[in-house]
Each structure stands twice: as structure tokens, then as C-alpha cells.
Amino acid sequence: MTTGNVPARAPVGGSAADQAMVVRPAGRLRGTPALPGDKSISHRALLLALLAEGESTIAAAGDGEDVRTTAAIIAALGAGVERTGVGGGRVDYRVVSPGGAALTEPEGVLDCGNSGTTTRLLAGLLAGRDLFAVLDGDASLRRRPMGRVTEPLTRMGAAFAGRGGGALLPLAITGRRVLTAIRYDTPVPSAQVKSAVLLAGLAADGETAVTESVATRDHTERMLRARGIAVEETTGPDGAHTVRLDGPVLPAAIRETVPADPSGAAFWLVAGAAHPDAELRLEGVSTNPTRRAIIDILRRMGASIEEHDRPAPGGADGEPLADLVVRSSDLRGVDLSPADVAAAIDEIPVLALAAATAAGTTRFRGAGELRHKESDRIAGIAAGLTALGARVRVEGDDIEIQGGAPLRGAVTETHDDHRLAMTFAIAGLIAGGETVIDRPGSAAISYPGFFHQLEGVRA
Ligand code: S3P
């Protein structure tokens, strides 16, 4: 274990020095890959620690580049941030903050790197603080839509200036100490948009309400409750989900333990199910109902996944946890609705790989949001899997994969997108011959040590 202060943000993966990686097929897969701490929860734990006056501790956070980005930013906003332990792709933080009413106006631009979650949640947090800040990021982040948060936050009283009428980074924010509470219907189901409005709602006078057509991941809601804030949730007869909170209010400082990331576990679940001789164990994974779609969809495809609940819910937020065991399975194609796709939004690239190895056809319907992730994931999945010999058809926002064609090694392009890099690496364990991952370094965005684990599971 090493300790120290939060380092300057590490360079985003996929730098000029990023070497191509060759992955050869594995004869057998066995083992218990060490998973990173959940990225969504790690970001939120740091941002809420900034708002909470006093000392917060965050154990077993993800130590990928995105979470380091958020740690460096809360330090620039006035928090003392110390890395008190590091190991196995996890990090423990101690954060001491003056609290949301006494943040420091940052001297320079806040570099959000590759992280959409950092940018959008921070926009919500800063909207209700009495300071000026500029957010910027890498080439990928500068292409991603920010109007989806600046539009409601402007209605709440914050002022934004940015390219494309405030829709693209770099983005200048002038916050206000007291915002106007709004009722907001999100145009796309997005936990980032919901969370941005709720974080701004902490500074709004009265009740802020966010309604989405399908419920997205609920970490912000759980984590605010664990920090003493009343958050109400209701579901309408049409499935629309509304979250409400009353401001102004600030979260309390607490001790937090972060569960293992189901989106990191997803790569091993697919590797284990699709490989002909595999048994992999994944420990302490969050099985939060808003995150577990990857498990349930793979089971619908015929995957053998044992789930052993851990008796006490993990961490202060009461996330349900389980140890998972996945074994070689005969996968079959499934039809996935837009709600299925939204529920497994970060796992669609690796689910597309599962579909390519399955018997029959898999349809991903209404997957348009994938075009707005770290890269255009519809194009990236289609190109990479097609190069590997899969039969992929894209029609509008739908992806159709006819499974069963044997995969053969090829050169795959990651577009510096961590989830594409890891998906094609898992494909390399299954495909015949050599699979080349062009620019694999982005894996460190969410899963430092992934390629080490990839060698470790070869039995
Ligand atoms: C995240 C929400 C999702 C997801 C992202 C993390 C979060 O984005 O894709 O990786 O932590 O809130 P959207 O909510 O924009 O779909």
C-alpha cells in the first residue's frame, strides 16, 4: 500500500505512446479477477464529500483516470484530498472540505479529461455555488452533448457560456447561491442529467423534481439519503419515475465503502459465458436493481451465472452486493427493448460481443444514446465485431447481430474508448488467431489493471 496526496490528473488513455496490444486465444479461463471500485459511486462520493463540511472517508474507490480526474477537481475547489491507501486498482480517500457554502473559486480551468460523469455532475453542483468556473476536457469530451444539463440548470438560474450556445465544452459557469426549484422531465433517460438537476436542487429554494421515462441508476438518490437528505421517489402508472428533494440543504460527511463495479464485472461475465472452458468468480459486485441488467440479460441469453448474496448490504448507501460465478454456457440471441438497452447502457459493447457468439439473432433496439458516449459506440461496435467476422447490421438506432459465425483474430480500433478496448480484448480470448487492439490504453479510464487481469485468468 502506498499513500500520498492526490496527484495531478494522469494523462487520458490513448496517448500518442499508446502501443497496440496483441491478445491470443485462451485454452481455459479460471480465477477471480480483482474488480475496480464502482466508477459512478466513486465520482459521487468525492463530489458529495466536497459539499459536506468536515472529514469524509471513501474506501475502495475506483482508481481509474476518470475518478482521479474528479479527485483533482474537488481539490481545486478547496477540499483537502489524501490518498490513504492504494492497491488492486482501488484507492482509499480521506477528504476534508470546508463544505458547499465555502468552496474556493478555482484559479484555472477544471480539466474533466475523458469523464462525462465528472462534467455533468459538476455542472449541477457548481450551478448552485457562488463562483465562476470553466470546465474543459479531451477531444472526446469536447464532442459530447452538454446542452442536456445546461438547459435545465439555466432554467434554475445558473449562467453558462460555451461553444454551440452552451452545448459543448469548454463551458464557463457562473453559479448562484440560491437557485430556483424546477420540475424537470428529462428528454432522454440519463442518470447524469437527473443527478445534475438534483445536485443543483440542493441549492434551490423549495422542491426540485426530476421525472424520467424509465428509472436510471439511482446512486445519487441512495447516497444523498445516506448523508441525511430526504429524497422521495414515485413511479407513475406509465412507468415514469420521479425523484424529489427539498432545498436548500447540504449532505453530511460520512464514511463510505465503494462496491465492485458491475460494468467492470461485465467483461468477465461475457468472457466466462462465451468461452468454452471457463469458470470465473467476481466478488462483492453491486447488484443494485438499476445496475444489474447485465446479469439478467446474460441469463436470458442462457448464461450460467450463480449469484451468492452477501448478507449485509455494503457501504453506507446500502448497495446490495453479491459474489458471482460464471461458467461456460450455450448462449442464444435475444430481443432487447429500448428500456433493456437503457438499463445496460455501458454494457452494450460487451453484450454485442456475447451476441456475436450466441446462436441466433440479437436485436438492440433504440440504442441511439450509444452515439454520445466516449466514442460513437454503434459505429465502433459494428466496425470491430465485423472485422472479427461477426455479422452486424445497423438500421437507424437499432443494432442486429446474427450470432454463431466463428470469430477470427483481426485488427480492432478502440477510438480511445475504454469499453471498446476491453470488449475487443475479451473477444481476443475467444477468437481464433491473434486479435490486435489498436490503442488499448483507454482501459485505464475505468479499469486500471484490466490487461494484467486478462493474463491472470488464463489457466
Ligand atoms: C453514469 C450514467 C450513464 C453512464 C455513465 C455513468 C453515471 O450515463 O453511461 O457511464 O454515473 O451517472 P447517462 O446517464 O448519460 O446515460
Side-chain angles (χ1 to χ4, degrees), residues 36-48 61-62 64-67 69-70 112-125 137 140-141 143-152 167 184 186-199 210-224 241 243 258-259 261-267 286 288 290-294 317 319 338-351 366-378 380-381 397 417-420 422-423 442-443 445-447:
D38 186 80
K39 181 159 81 70
S40 290
I41 295 175
S42 302
H43 283 304
R44 287 161 172 78
L46 287 163
L47 294 172
L48 294 174
E65 290 171 13
D66 270 7
V67 176
T69 290
T70 297
C112 299
N114 192 243
S115 178
T117 310
T118 307
T119 312
R120 297 198 179 105
L121 269 57
L122 194 62
L125 185 156
S140 153
L141 198 58
R143 286 191 292 268
R144 296 180 65 184
M146 298 300 154
R148 55 180 63 188
V149 289
T150 58
E151 196 264 321
Y184 191 65
T186 61
V188 286
S190 163
Q192 295 181 357
V193 174
K194 171 177 65 178
S195 301
V197 175
L198 292 175
L199 290 174
V210 185
T211 300
E212 21 183 31
S213 55
V214 292
T216 59
R217 65 192 69 192
D218 65 354
H219 305 302
T220 302
E221 295 87 314
R222 286 172 185 260
M223 295 176 76
L224 288 172
H241 186 76
V243 183
V258 179
D261 195 330
S263 303
F267 298 103
S286 163
N288 177 321
T290 62
R291 295 292 299 284
R292 58 169 295 122
I294 176 66
D317 314 320
E319 289 275 328
D340 290 327
V341 170
I345 191 72
D346 291 340
E347 291 77 62
I348 300 301
V350 80
L351 272 173
E369 265 299 295
L370 290 177
R371 295 203 171 87
H372 306 298
K373 296 297 178 185
E374 286 81 332
S375 71
D376 174 346
R377 286 188 179 155
I378 294 189
I381 290 166
D397 287 344
D417 181 327
H418 55 131
R419 302 213 193 271
L420 294 184
M422 291 187 275
T423 295
S442 59
I445 288 288
S446 61
Y447 199 153

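Read the numbers this way: they start at 1 and go in the same order the structure lists the ligands and their atoms. Keep in mind the model is a prediction, meaning the values are calculated, not measured.
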Would you tell me whether His418 and Ser446 have side-chain atoms, one donor and one acceptor, within less than 3.5 Å of each other? yes
Are side-chain N/O atoms of Arg148 and Ser190 paired as donor and acceptor at under 3.5 Å? no
Are the charged groups of [X] and [Y] less than 4.0 angstrom apart, N to O?
| X | Y | value |
| --- | --- | --- |
| Arg291 | Asp38 | yes |
| Asp417 | Arg377 | yes |
| Asp397 | Arg371 | yes |

For ligand 1, protein residues within the heavy-atom limit of under 4.0 Å are Ser40, Arg44, Thr117, Ser190, Ala191, Gln192, Arg217, Ile345, Asp346, Lys373
Any residue meeting side-chain contact (heavy atoms from CB on, under 4.5 Å) with Ala266, in chain and number order, not counting sequence neighbours: Ile294, Glu347, Val350
